[in-house]
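Quick notes on the structure that follows.
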Amino acid sequence: MAENGKLHIVMFPWLAFGHMIPYLELTKLIAQKGHKISFVSTPRNIDRLPKLPPNLSPFIDFVKLPLPHIENLPENAEATIDVPYDKVKYLKTAYDGLKEPMTQFLKNSSPDWVFYDFVPYWLGSIAVELNVSSTFFSIFTAAFLGFTGPVAVLKGTEDARTKPDDYTVPPKWVPFETTVAFRLFEIMRIFDSVTGDEDNIADSYRLGATIESCDVLTVRSCSDFEPEWLKVVEEIHGKPAIPVGQLPTTAFDGSDDDKDDEWRGMKDWLDKQVKGSVVYVAFGSEAKPSQAELTEIALGLELSGLPFFWVLRKQRGSADTELIKLPEGFEERTKGRGWVCTSWAPQLKILSHDSVGGFLTHSGWSSVVEAIQFERALILLTFLADQGLNARLLEEKNGAYSIPRNYTDGSFTRNSVAESLSLVMLEEEGKIYREKVKELKELFGDRDRQEGYVDNLLDYLQSHRRHKTKDQGN
Ligand SMILES: *[C@@H]1O[C@H](CO)[C@@H](O)[C@H](O)[C@H]1NC(C)=O
Ligand SMILES: *[C@@H]1O[C@H](CO)[C@@H](O)[C@H](O)[C@H]1NC(C)=O
């Protein structure tokens, strides 16, 4: 343990920016209280993280563990953003190769706590051996954890879910009525990774083993938003599930000086638009629409007549050979009214601009939190991972509207895109979505509330350490 009763905490997120960024936000909030954090990832990921405010740097050590090279994983791929979806499983295998160096690191640094993600299912038992207290820090919502269920189900020893249909109904351990379940097309798109194959361990097994061996669960959640789900999680796991707040992204000004020119052009355009009129369109760092989907989204935007700012990923890493392209003539026809950006874009700055009124998003939780932070109405189009369950949770609470789609294959039309956008952005019937985000902002974006969650978490971490030093007197 560090001096003065301060803790030393290790953070070990999965190699996806949707995981690393909330881990980094929690790191910053804990460092602000004077505790020491070791943030562990691979070299290229650490180099790509946003810069820290200088006052926090003394409390945060970035620890670079080189990613073992394995066959089938493209050169230099260190995060999900660097590889097409079907290669993510190799990234997981390479990550499992960090078991030895991670064990060594924990042994040498003997921290008080380790916060780890669902992929390194082997870490919990190592922590137990080394007398290090451990928590599975879930960047997934409590609803996601409640839906995915008890350890026995996840590990497949009891009531195992074996068919896609098993994921489309609310599970029996949820004692209230809910719509939170996958649509068939949503689970079909990730079924191989959830259930595993000869090349990789099932995500559901990883999650089960992770939860089984941790001392306590910490969840990116707040008790005013999904208390019913936090209760389910504690009940099915027989362990505390501590909400740590929604961790809204905090940008450090000066973190992207070199990108100022690009932003200036975007800002000039946004400045010319009517307040609250622009739809911001972005599907996160991983989701890449298929060609058919891209065409319908584009033509839907065109049909809606609304101004839009679209950040479009045409490729997932340089190994991705399936480039997608905009419909013929689209850019000329929407010139002036729309901005399509195929490279880097500062999402927070765009979302915080007054001209933006709504956000068409994949429903990744970080994007949802960012939209709510700036009171932007949410229109959802899910692609992968936990996004379907996030969408159901938000729909249930009237916090967002999902574009209607075919239940079986997920297809949707340009008309449904245009109608959904106009409903949420303009129409009287869609007012509920515009109003609800204002309410949710109080729960998600309030700094004092967020501080309260962190104080509560730190109290717990300090009083429940496995390994207690002599100077503590106990
Ligand atoms: C862990 O703690 C227990 C009980 O305090 C002690 O007996 C054991 O030697 C410790 N193990 C290590 C590896 O420090
Ligand atoms: C939905 O998609 C399935 C599979 O492609 C198709 O058979 C079905 O007719 C579609 N349903 C509707 C209502 O379009």
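Counting starts at 1 for both ligands and their atoms, in listed order. Keep in mind that the numbers below use all heavy atoms, side chains included, and drop hydrogens, waters and symmetry copies.
Taking the six-membered ring where tryptophan is involved, the planes of Trp365 and Phe444 are tilted, since the angle between them lies from 30° to 60°.
Protein heavy atoms are found inside the 4.0 Å sphere centred on atom 14 (O) of ligand 2. Atom 9 (O) of ligand 2 lies below 4.0 Å from none of the non-hydrogen atoms of the protein.
Of all protein heavy atoms, the one closest to atom 3 (C) of ligand 2 is Asn406 ND2, 3.6 Å. Scanning the protein for heavy atoms near atom 5 (O) of ligand 2, the closest one is Asp409 OD2, 2.8 Å.
Polar contact with ligand 2: absent for Thr408 (N/O pair, distance under 3.5 Å).
Remark: aromatic rings of Tyr116 and Trp122 are distant, center separation not under 6.0 Å. Two rings, from Tyr95 and Trp14, have their centers less than 6.0 Å apart.
Contact between Glu370 and Thr249 at its shortest, heavy atoms only, is OE2-OG1, 2.6 Å.
Relative to the ring axis of Phe147, Arg161 places its NZ or CZ within 45° and under 6.0 Å from the centre.
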